[in-house]
Amino acid sequence: MSKKTKRINILIEIIMWLLSIVVIYPLLMVVITSFKPKGEASYLNINFPTAWAFDNYAEVWEQGHIPRAFFNSMFITVLSVLLVLVLASVFSYVLVRRNTKACRIISKCMTFGIIAPFAALPTIQMLKYMGLYGSRISMVFVYGALYLPFSTMLYSSFIKGIPKELDEAAVIDGSKGGKLFWQIIFPLLKPVTATTGILNFMWVWNDFQYPMYLLNSSSKWTLPLSVYNFYGQYSRSWNLVCADMVLVSIPVVIVYIFAQKYIIAGMTAGAVKG
């Protein structure tokens, strides 16, 4: 390795360390502030507290209605992810395997769904007409529609790498229709299913905008909305606000830590097979 290459690598490493500090500092500040008394928390720095206030979390758990908001988030997120995975996998398989002119047109139209903006008023009117406005299940359908195009694109890229001869062999053995897909093809989609499921989980779990428009009762609010409401009540108590943010972030952080290898593996496999 030449001296010039070493200097470039060192420079890049320094830049990456500086960028990581920019990201890590505010996260560390939030975590430390969540354990501070109210007076010390107002300074918003990373100095350790003189006395660790663990009861901040107990107060947030009770006053922030965390259990109720957690149930709402889990209900909406889990059902939304399951809906997207089922529809996207089946839809992608049909589009790729049939490969007719109509399927190719539909596949291209699906890409517009990735860039199409969310229209609040038409969505609200449609949900009111269906009698679903303000319900948790309405959020499941909305998220399913929003994230189906991107998920379909991921699945389609992966399915193109599965040889059609496998389908033909399964048909000869007596597997047709749904049995062919769920017993033969779907088990092969584990990498892209893990990737799609985890990405959708994080998107739905962290979303703030759509529940704010579509949920009309505080009893149905998700965790991000509960943080917004909690901040409105305790805007001067940064120790409680930070503790609330930490509690809300824990589930998705845990999911990402244990599943990041599946995200990378699924995206890489999909890119190669596509």
Side-chain angles (χ1 to χ4, degrees), residues 23-35 41 44 56-85 114 116-121 123-124 127 132-148 150-151 196-260 263:
V23 175
I24 293 173
Y25 182 87
L27 297 177
L28 191 61
M29 182 187 67
V30 169
V31 174
I32 294 177
T33 302
S34 68
F35 291 101
L44 292 177
N56 289 342
Y57 284 88
E59 185 173 353
V60 168
W61 184 268
E62 181 179 353
Q63 300 299 327
H65 304 291
I66 297 298
R68 183 181 66 190
F70 179 82
F71 170 79
N72 293 334
S73 287
M74 285 299 297
F75 179 87
I76 293 172
T77 302
V78 171
L79 290 185
S80 299
V81 171
L82 290 176
L83 180 64
V84 170
L85 292 180
I114 301 176
F118 172 73
L121 290 179
T123 302
I124 292 174
L127 291 175
L132 296 175
Y133 177 68
S135 65
R136 289 184 289 259
I137 198 67
S138 68
M139 296 302 307
V140 175
F141 292 136
V142 169
Y143 284 127
L146 287 171
Y147 300 134
L148 180 63
F150 179 79
S151 301
T196 307
I198 295 164
L199 290 176
N200 279 278
F201 181 91
M202 291 190 293
W203 291 337
V204 176
W205 185 274
N206 292 324
D207 183 53
F208 169 80
Q209 177 184 6
Y210 305 135
M212 183 176 62
Y213 290 140
L214 304 178
L215 294 177
N216 55 7
S217 173
S218 60
S219 63
K220 302 172 185 176
W221 282 356
T222 57
L223 281 172
L225 270 179
S226 72
V227 174
Y228 176 75
N229 179 64
F230 190 84
Y231 174 75
Q233 296 179 355
Y234 298 89
S235 58
R236 295 184 179 181
S237 302
W238 282 104
N239 54 333
L240 301 181
V241 173
C242 290
D244 196 16
M245 289 190 289
V246 171
L247 286 175
V248 171
S249 304
I250 286 175
V252 73
V253 170
I254 292 174
V255 169
Y256 182 78
I257 288 175
F258 288 98
Q260 57 180 325
I263 297 179

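Only heavy atoms go into these numbers, but all of them, side chains included; no hydrogens, no water, no symmetry mates.
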**Item:** Side chains of M139 and P211 in contact at under 4.5 Å (non-hydrogen atoms)
**Value:** yes

**Message:** Restricting to side-chain contact (heavy atoms from CB on, under 4.5 Å), what partner residues turn up for N72, sequence neighbours left out?
**Reply:** R68, R136

**Item:** Counterpart residues, ring pair (Phe, Tyr, Trp, His ring centres under 6.0 Å), relative to F141 (two or more places apart)
**Value:** none

**Request:** Might you point out which heavy atoms bring V248 and P224 nearest each other, and give the distance in Å?
**Result:** CG1-N, 4.4 Å

**Counterpart residues, ring pair (Phe, Tyr, Trp, His ring centres under 6.0 Å), relative to Y25 (two or more places apart)** = none

**Complete:** Sequence neighbours excluded, the answer for side-chain contact (heavy atoms from CB on, under 4.5 Å) partners of L121 is none

**Message:** Restricting to ring pair (Phe, Tyr, Trp, His ring centres under 6.0 Å), what partner residues turn up for Y228, sequence neighbours left out?
**Reply:** F208

**Side chain to side chain, S226 and S73, heavy atoms closer than 4.5 Å** = no

**Request:** Apply side-chain contact (heavy atoms from CB on, under 4.5 Å) to S135 and list each qualifying residue two or more places apart in sequence or on a separate chain.
**Result:** L132, I137, S138

**Item:** Under the ring pair (Phe, Tyr, Trp, His ring centres under 6.0 Å) test, residues paired with W205 that sit two or more places apart
**Value:** F70, F201

**Min side-chain heavy-atom separation F230-V60 under 4.5 Å** = yes

**Asked** How would you list, by chain and number, every residue that makes a side-chain hydrogen bond (donor to acceptor under 3.5 Å, both in side chains) with S34, sequence neighbours excluded?
**Response** Y57

**Item:** Set of residues satisfying side-chain contact (heavy atoms from CB on, under 4.5 Å) with respect to V30, sequence neighbours excluded
**Value:** C242, M245, V246

**Message:** With a 4.5 Å cut-off on side-chain heavy atoms, are S151 and L85 touching?
**Reply:** no

**Partners passing side-chain hydrogen bond (donor to acceptor under 3.5 Å, both in side chains) against Y147 (at least two apart in sequence or in another chain)** = none

**Asked** How long is the gap from OG1 on T33 to CG on L28, to the nearest 0.5 Å?
**Response** 9.0 Å

**Message:** Once side-chain hydrogen bond (donor to acceptor under 3.5 Å, both in side chains) is applied, do any residues pair with T77, and if so which ones, sequence neighbours excluded?
**Reply:** none

**Request:** Measure the spacing between CG of L83 and CG of L79 and express it to the nearest 0.5 Å.
**Result:** 8.5 Å

**Request:** Answer whether the closest heavy-atom distance between the side chains of L146 and V142 falls below 4.5 Å.
**Result:** yes

**Asked** Would you say the side chain of I66 lies within less than 4.5 Å of the side chain of L223, judging by non-hydrogen atoms?
**Response** yes

**Asked** Is the backbone of M202 close enough, under 3.5 Å, to the side chain of N206 for a donor and an acceptor to pair up by distance?
**Response** yes

**Item:** Heavy-atom side-chain proximity of T196 to F150 below 4.5 angstrom
**Value:** no

**Request:** Answer yes or no: is there a donor N or O on one side and an acceptor on the other, between the side chain of N56 and the main chain of E59, under 3.5 Å?
**Result:** no

